[in-house]
Amino acid sequence: MRRSSTFARQVLLVRVGRRDGDLRDATDLSLPEHRYADRPRRRYGPSRFQRAEVESIVPVSPALAPATPADEPAMSIPLLPGERTVARRMKFAVVNACTLSSLMLGMLAIFLAMQGEVRIAALCLIACVVFDGLDGALARKFGVASPFGAQMDSLADMCSFGLAAPVVVYASLAGSVSTPAAAVACALVAACAAIRLARFNVSPKDGRFFCGVPTTMAAAVLALTVAIGLPVPGTVQVAGVALLAFAMVSSFPYAKLARLVKLPPWLWLAPVIGALIDIRLTFALIVVGYLVSGPVLWLRQRRTA
């Protein structure tokens, strides 16, 4: 009788616990054996409250940015920092038009080179060099220099000088050298131009020297070589293209154009007279002299350091 009354009391407690929603307390009373206490947990998994606690302590990778709520609007960075007047916007548009002109001329040079018009394509590259120098000068003069303009200039340089220039050179070398040699040399120009531009974007600027030959100057040398038809063997041209590519990613200091302009006037007489006598030979000597000036300045800086 005692056992039956105890069993009835337990059944009543279970029913009352289920009716009141307190199943956990009733289960503790109705199941004296502890080995069955965690059966619902194993069968149905953690509750929603336990899942919330688990999710709150899950470690977050530092490489992942925290998720922004969907109701918060994304912040937009203005392309033109500072005062946004109509006059400044017009100046900003003129500067970026020069950058896009350089980009479009680079594309035109590629199309012309594919059709066999190598000389005209080289002239388009020279026009790219002019517009590339013009957009930077106008941005500084108008006071509209911006990070957006710097990135636009870098992308345009990669298209015009990193892709169009080697394509034009490859088209000019077709038939005079082996195709694999010309392809490797021109591919080196494209790869080194990308490395040079990326390094320039993240490196501190030096007002006196370039670290390696600038991409613009390398493209100008290649374009002028094709335009004037430098009378050198094809093997020498391929070696010169590869040497110019490696010079772009070198650590040798090369003087900027502003420093070259400040040279004594009598030093400019020699290249002017040489250009009147033989422009091709004079151009080759100037290019070789500029390439050699980098290692010479590097050795001089190491001795004085």
Show me the donor-acceptor pairs within less than 3.5 Å that the side chains of residues 150-157 make with the rest of the protein, sequence neighbours left out.
residue	atom	partner	partner atom	Å
Ser154	OG	Asn201	ND2	3.2

>> Run the side chain to side chain contact (heavy atoms under 4.5 Å, CB included) test against Phe200 and tell me which residues pass, sequence neighbours left out.
In response: Arg196, Lys205
> Of the non-hydrogen atoms in Pro271 and Thr282, which two are nearest, and what is the gap between them?
Replying inline: O-CG2, 3.6 Å
> Any link between Met217 and Phe161 through a network of hydrophobic side chains (Ile, Leu, Val, Met, Phe, Trp, Tyr) touching at under 4.5 Å?
Replying inline: no
>> Using 0.5 Å steps for rounding, measure from the SG atom of Cys186 to the CG atom of Leu222.
In response: 8.5 Å
> With no hydrogens and no angle check, is any side-chain donor or acceptor of Arg302 less than 3.5 Å from a backbone partner on Leu297?
Replying inline: no
>> Looking at every non-hydrogen atom in both residues, tell me the closest pair between Ala164 and Ala109 and how far apart they are.
In response: CB-CB, 4.5 Å
>> Give me each pair satisfying ring pair (Phe, Tyr, Trp, His ring centres under 6.0 Å) with a member in residues 226-263, each pair once, sequence neighbours excluded.
In response: Phe252-Trp298, Tyr254-Tyr290
Taking only distance into account, with no hydrogens and no angle test, what donor-acceptor pairs under 3.5 Å do side-chain atoms of residues 233-245 form with protein atoms, sequence neighbours excluded?
residue	atom	partner	partner atom	Å
Gln237	NE2	Val232	O	3.2

> Taking atom CD1 of Ile279 as the centre, does the number of heavy atoms from other residues, nucleotides or ligands within less than 6.0 Å exceed 12?
Replying inline: no
> Only one of Leu291, Ile286, Val287, Val213 forms a side-chain contact (heavy atoms from CB on, under 4.5 Å) with Val221, so which one is it?
Replying inline: Val287
>> Connecting only ILVMFWY residues whose side-chain heavy atoms lie within less than 4.5 Å of each other, what is the rest of Val249's hydrophobic cluster?
In response: Ile195
> Donor-acceptor pair, Asp132 side chain versus Cys128 backbone, under 3.5 Å?
Replying inline: no
> Looking only at atom types and distance, does a side-chain atom of Arg280 sit under 3.5 Å from a main-chain N or O of Pro231, one as donor and one as acceptor?
Replying inline: no
> Would Phe283 end up clustered with Ile126 when hydrophobic side chains under 4.5 Å apart are linked, directly or stepwise?
Replying inline: yes
> Between Val129 and Ala220, which heavy-atom pair has the shortest distance, and what is it?
Replying inline: CG2-CB, 4.0 Å
> Can you name the residues that form a side-chain hydrogen bond (donor to acceptor under 3.5 Å, both in side chains) with Thr215, not counting sequence neighbours?
Replying inline: none
> If you measure from CZ on Phe131 to CG on Leu100, what distance do you get to the nearest 0.5 Å?
Replying inline: 11.0 Å
> Do you know which two heavy atoms are closest between Ser250 and Arg199, and how far apart they sit?
Replying inline: O-NH2, 3.2 Å
> Is the NZ or CZ atom of Lys256 both under 6.0 Å from the centre of the six-membered ring of Phe209 and within 45° of that ring's axis?
Replying inline: no
> When clusters are formed by joining ILVMFWY residues with side-chain heavy atoms under 4.5 Å apart, either directly or through shared neighbours, do Leu103 and Val94 land in the same one?
Replying inline: yes
> Can you name the nearest heavy-atom pair linking Gly143 to Arg88, along with the distance?
Replying inline: O-NH2, 3.0 Å
> Where do Ala193 and Met158 come nearest, in terms of heavy atoms and distance?
Replying inline: C-SD, 4.3 Å
>> Could you check whether any side-chain N or O of Ser160 sits under 3.5 Å from a backbone N or O of Ser102, counting only pairs where one atom can act as donor and the other as acceptor?
In response: yes
> With hydrophobic residues grouped by side-chain heavy-atom distances under 4.5 Å, do Leu230 and Val118 end up in a single group?
Replying inline: yes
> Heavy atoms, side chains only, cut-off 4.5 Å: are Val168 and Leu125 in contact?
Replying inline: yes
> Do Leu134 and Phe148 share a hydrophobic cluster, counting only Ile, Leu, Val, Met, Phe, Trp and Tyr and linking them when any side-chain heavy atoms are less than 4.5 Å apart?
Replying inline: yes
>> Working to the nearest 0.5 angstrom, can you tell me the gap between Leu108 CG and Cys124 SG?
In response: 4.0 Å
